[in-house]
Student: 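Dumping the structure here so I can ask a few things about it.
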Amino acid sequence: MSRSVAIITDSTAYLPQPMVERHGVVVVPLTVVLGGEALEDGTDTAARRLAQALGQKQSVTTSRPSPAEFAEAYREAARAGAGGILSLHLSSEISGTYDAALLAARESPVPVRVVDSAMIAMALGFSVLAASEVVAAGGGLDEAVAAAVKRAEATRAVFYVDTLEHLRRGGRIGTAQALFGSALSVKPLLELSGGRIEPLEKVRTASRAIARLEELAVEHAGSGPVDVAVHHLAAEERATQLAERLRGRLPGLVELHVSEVGAVLGAHTGPGLLGAIVSPR
């Protein structure tokens with residue numbers, strides 16, 4: 001990495017590998033522990049093992065990168081010529097990754113700005129790309145931070161899950177637990193709000209929930225230039241169909257990504273996840 005500002009993120013951005021390489025982004029992986037076996041998030045092996053573990057009801061836990069891992073990433077970026085580093089991560093309300101990056105930043109040989117995106121998945125990924133584009137155009141660290149924050153604040157992440165059980169087990173649903181805890185038969189729509197996973201609407205059937213997810217995505221996209229990601233876990237057909245409908249309804253669509261989430265996010269949502277990330281430019 002020879003650019004003056006290095007961009008570092010974590011594996012929950014779920015950026016396509018060609019984008020990671022093209023933009024020179026460094027990805028520090030989280031870890032998923034499946035039945036006692038620790039695997040790096042973002043790998044095909046972890047995704048495959050997650051499906052097996054969930055199907056067999058094995059213990060599934062996740063863990064943040066260590067401060068030492070971030071410290072090494074910062075040192076490597078400095079050795080490669082970076083004069084400053086933007087370290088941009090998933091919501092601190094969901095993971096301790098941001099805190100680990102902050103600890104490591106104290107020891108970095110070059111200035112590090114650690115930013116809590118308050119997002120996850122491509123809601124984080126689009127923020128990373130916005131910062132990378134600024135740096136590629138010659139912008140400095142402050143400009144890259146501003147671009148990342150602005151993009152994250154404009155982005156909406158709404159998602160559907162077949163069941164709240166996995167989110168309940170991981171303690172990731174916040175006030176949703178109180179609202180839905182006694183009514184797990186409903187099909188919930190959730191969103192990221194203030195960095196937390198919060199309840200949005202209760203819908204009685206999966207088909208109605210997915211239709212409502214589509215409407216919310218269209219409403220937020222508006223008619224201007226917008227990037228969209230459709231995420232899923234073991235629901236490829238649903239995701240592809242939703243993406244195609246959105247392609248036909250968004251006049252300002254610039255980029256549309258369809259991808260299965262990695263093991264860390266999947267461990268907390270379970271199979272059947274369908275998410276729409278809408279990020280106006």
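Quick note: numbers below take in every heavy atom, side chains included, and nothing from hydrogens, waters or symmetry partners. Residue numbers run from 1 in the order of the sequence given.
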Student: Verify, without hydrogens or angle tests, whether S127 (side chain) and A148 (backbone) share a donor-acceptor contact under 3.5 angstrom.
Tutor: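 At least one qualifying donor-acceptor pair exists.
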Student: Measure the spacing between CG of L256 and CG of D227 and express it to the nearest 0.5 Å.
Tutor: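 Between L256 CG and D227 CG, I get 9.5 Å after rounding to 0.5 Å.
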Student: Count I, L, V, M, F, W, Y as connected when their side-chain heavy atoms are under 4.5 Å apart, and connections chain through other members. Are V20 and V128 then in the same cluster?
Tutor: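 Shared cluster, yes.
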Student: Transitively linked via ILVMFWY side-chain contacts under 4.5 Å: I94 with V149?
Tutor: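 Yes, I94 and V149 fall within the same hydrophobic cluster.
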Student: Is there a side-chain contact between V278 and T155 (heavy atoms, below 4.5 Å)?
Tutor: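 No. Closest side-chain heavy atoms not under 4.5 Å.
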Student: Take V228 and I277, measure what side-chain contact (heavy atoms from CB on, under 4.5 Å) needs, and give me the verdict at the end.
Tutor: CA-CA 5 Å; V228 173; I277 311 297; over 6 Å; no
Student: Run the side chain to side chain donor-acceptor pair (under 3.5 Å) check on T97 and D10 step by step: do they pass?
Tutor: CA-CA 8 Å; T97 300; D10 60 73; 5.2 Å; no
Student: Would you kindly confirm whether V203 and V158 end up in one hydrophobic cluster when ILVMFWY residues are joined by side chain heavy atoms under 4.5 Å apart?
Tutor: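 Yes; V158 is reachable from V203 via cluster members.
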Student: How about E236: does its CD atom have over 12 heavy atoms from other parts shown lying under 6.0 Å from it?
Tutor: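 12 or below, so no.
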Student: Do L39 and V33 come close enough that some side-chain heavy atom pair is under 4.5 Å?
Tutor: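 A side-chain contact under 4.5 Å is absent here.
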Student: Any side-chain heavy-atom pair from I120 and S91 closer than 4.5 angstrom?
Tutor: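 Counting from C-beta outward, I120 and S91 never come under 4.5 Å.
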Student: Would you say S11 and E40 make side-chain contact, with heavy atoms under 4.5 Å?
Tutor: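 Answer no - side chains too far apart.
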Student: Starting from L213, can I reach V218 by hopping between I/L/V/M/F/W/Y residues whose side chains sit under 4.5 Å apart?
Tutor: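 Linked within one cluster.
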Student: Output, in order, the C-alpha distance, side-chain angles, deciding distance and verdict of side chain to side chain donor-acceptor pair (under 3.5 Å) for E69 and S66.
Tutor: CA-CA 5 Å; E69 290 174 275; S66 68; 3.3 Å; yes
Student: Quick check: do R113 and I85 have side-chain heavy atoms less than 4.5 Å from each other?
Tutor: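 Result no, sub-4.5 Å side-chain heavy-atom pair not found.
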Student: What's the shortest heavy-atom distance between A78 and V110, and which atoms?
Tutor: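 Closest approach of A78 to V110, heavy atoms only: CB-CG1, 3.9 Å.
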Student: Between P29 and P65, what is the shortest heavy-atom contact and its length?
Tutor: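 Minimum heavy-atom separation between P29 and P65: O-CG, 3.4 Å.
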Student: If you measure from CG on L233 to CG on L273, what distance do you get to the nearest 0.5 Å?
Tutor: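 Rounded to the nearest 0.5 Å, the CG-CG separation comes out at 6.0 Å.
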Student: Hey, mind stepping through R281 and E255 against salt bridge (charged side-chain N to carboxylate O under 4.0 Å, His left out) and telling me if it holds?
Tutor: CA-CA 11 Å; R281 290 199 171 199; E255 292 188 5; 3.7 Å; yes
Student: Any heavy-atom pair between the side chains of V25 and I8 that's under 4.5 Å?
Tutor: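 No - every pair of side-chain heavy atoms lies 4.5 Å or more apart.
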Student: Does either side chain, that of S108 or that of R75, offer a donor lying less than 3.5 Å from an acceptor on the other one?
Tutor: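 No - no donor-acceptor pair under 3.5 Å links their side chains.
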Student: Can you tell whether the side chains of R79 and E72 come within less than 4.0 Å, N to carboxylate O?
Tutor: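 Salt bridge between R79 and E72, a charged N being under 4.0 Å from a carboxylate O: yes.
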Student: Take atom CZ in R208; do more than 12 heavy atoms of anything else shown fall under 6.0 Å from it?
Tutor: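 Counting neighbours around CZ of R208, 12 or fewer heavy atoms of other residues, nucleotides or ligands fall under 6.0 Å, so no.
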Student: Could you check whether any side-chain heavy atom of E37 comes within less than 4.5 Å of a side-chain heavy atom of R49, counting everything from C-beta outward?
Tutor: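 A side-chain contact under 4.5 Å exists here.
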Student: Return yes when atom CD of Q17 has more than 12 non-hydrogen atoms of other residues, nucleotides or ligands closer than 6.0 Å, and no otherwise.
Tutor: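 Yes, because the 6.0 Å sphere around CD of Q17 holds more than 12 heavy atoms from other groups.
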Student: Look up atom OG1 in T12 and atom CG in L265, then write down how far apart they are to the nearest 0.5 Å.
Tutor: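 Spacing of OG1 (T12) from CG (L265) equals 7.5 Å.
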Student: Go through it in stages, so that I can follow the logic: the residues are S132 and I7, the test is side-chain contact (heavy atoms from CB on, under 4.5 Å), and I'd like the CA-CA distance, side-chain angles, deciding distance and then a yes or no.
Tutor: CA-CA 7 Å; S132 297; I7 308 293; 3.8 Å; yes
Student: OH of Y14 to CE of M122: how many Å apart, nearest 0.5 Å?
Tutor: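 So the gap between those two atoms works out to 12.5 Å.
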Student: How close do Y160 and L189 get, counting heavy atoms only, and between which atoms?
Tutor: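 Minimum heavy-atom separation between Y160 and L189: CB-CD2, 3.8 Å.
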Student: Enter the distance from L15:CG to L124:CG here, rounded to the nearest 0.5 Å.
Tutor: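 Reported to 0.5 Å precision, the distance equals 7.0 Å.
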Student: Would you name the heavy atoms of G195 and E93 that are closest together and state the gap between them?
Tutor: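 Closest heavy-atom pair between G195 and E93: O-CB, 3.2 Å.
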Student: Answer with yes or no whether the hydrophobic clustering places V134 together with M119; edges join I, L, V, M, F, W, Y residues whose side-chain heavy atoms lie under 4.5 Å apart.
Tutor: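 In one cluster: no.
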Student: Do any pairs count as a ring pair (Phe, Tyr, Trp, His ring centres under 6.0 Å) and have a residue in residues 58-108, sequence neighbours left out, and if so which ones?
Tutor: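 As it turns out, the ring pair (Phe, Tyr, Trp, His ring centres under 6.0 Å) pairs with a partner in residues 58-108, which skip direct neighbours, are F70-H89.
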Student: Quick one: does any side-chain atom of E191 pair with a main-chain N or O of F159 as donor and acceptor, under 3.5 Å?
Tutor: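 Not at all, since once roles are kept as given, no pair shorter than 3.5 Å links the two residues.
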Student: Check this for me, if you would: do E215 and R245 make a salt bridge, where the nitrogen-to-carboxylate-oxygen distance has to be below 4.0 angstrom?
Tutor: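 R245 and E215: not salt-bridged.
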Student: For S279 and F126, indicate whether the former's side chain and the latter's backbone hold a donor-acceptor pair under 3.5 Å.
Tutor: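 Between the backbone of F126 and the side chain of S279 there is no qualifying donor-acceptor contact (under 3.5 Å).
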Student: Within the side chain of E143, is there an N or O that forms a donor-acceptor pair under 3.5 Å with the backbone of G140?
Tutor: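 Confirmed, E143 side chain pairs with G140 backbone.
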Student: Considering only NZ, NE, NH1 and NH2 on the basic side and carboxylate oxygens on the acidic side, decide whether E153 and K150 come within less than 4.0 Å.
Tutor: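 No.
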Student: At their closest point, which heavy atom of P280 faces which heavy atom of R151, and how far apart are they?
Tutor: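 Shortest heavy-atom separation between P280 and R151 comes out as O-NE, 3.4 Å.
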Student: Would S63 and L30 count as a side-chain contact (heavy atoms from CB on, under 4.5 Å) if you check the C-alpha gap in whole Å, the side-chain angles of each, and the deciding distance to 0.1 Å?
Tutor: CA-CA 6 Å; S63 62; L30 277 75; over 6 Å; no
Student: Should the pair R249-E244 be classified as a salt bridge under the 4.0 Å nitrogen-to-oxygen rule?
Tutor: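 No, no charged N to carboxylate O under 4.0 Å.
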Student: About how many Å separate NE2 of H232 and OG of S259, when rounded to the nearest 0.5 Å?
Tutor: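 Spacing of OG (S259) from NE2 (H232) equals 7.0 Å.
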Student: Apply side-chain contact (heavy atoms from CB on, under 4.5 Å) to M19 and L129, showing your working.
Tutor: CA-CA 8 Å; M19 282 189 168; L129 294 177; 3.6 Å; yes
Student: Grab the two heavy atoms, one from L250 and one from A221, that are nearest each other, plus how far apart they are.
Tutor: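 Nearest heavy atoms, L250 then A221: CD2-CB, 3.6 Å.
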Student: Closer than 3.5 angstrom, by distance alone: can the side chain of H220 be matched with the main-chain N or O of A157 as a donor-acceptor pair?
Tutor: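 Here the side-chain-to-backbone pair does not exist.
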Student: Going by an N to O cut-off under 4.0 Å, is there a salt bridge joining D41 and R64?
Tutor: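 R64 and D41: not salt-bridged.
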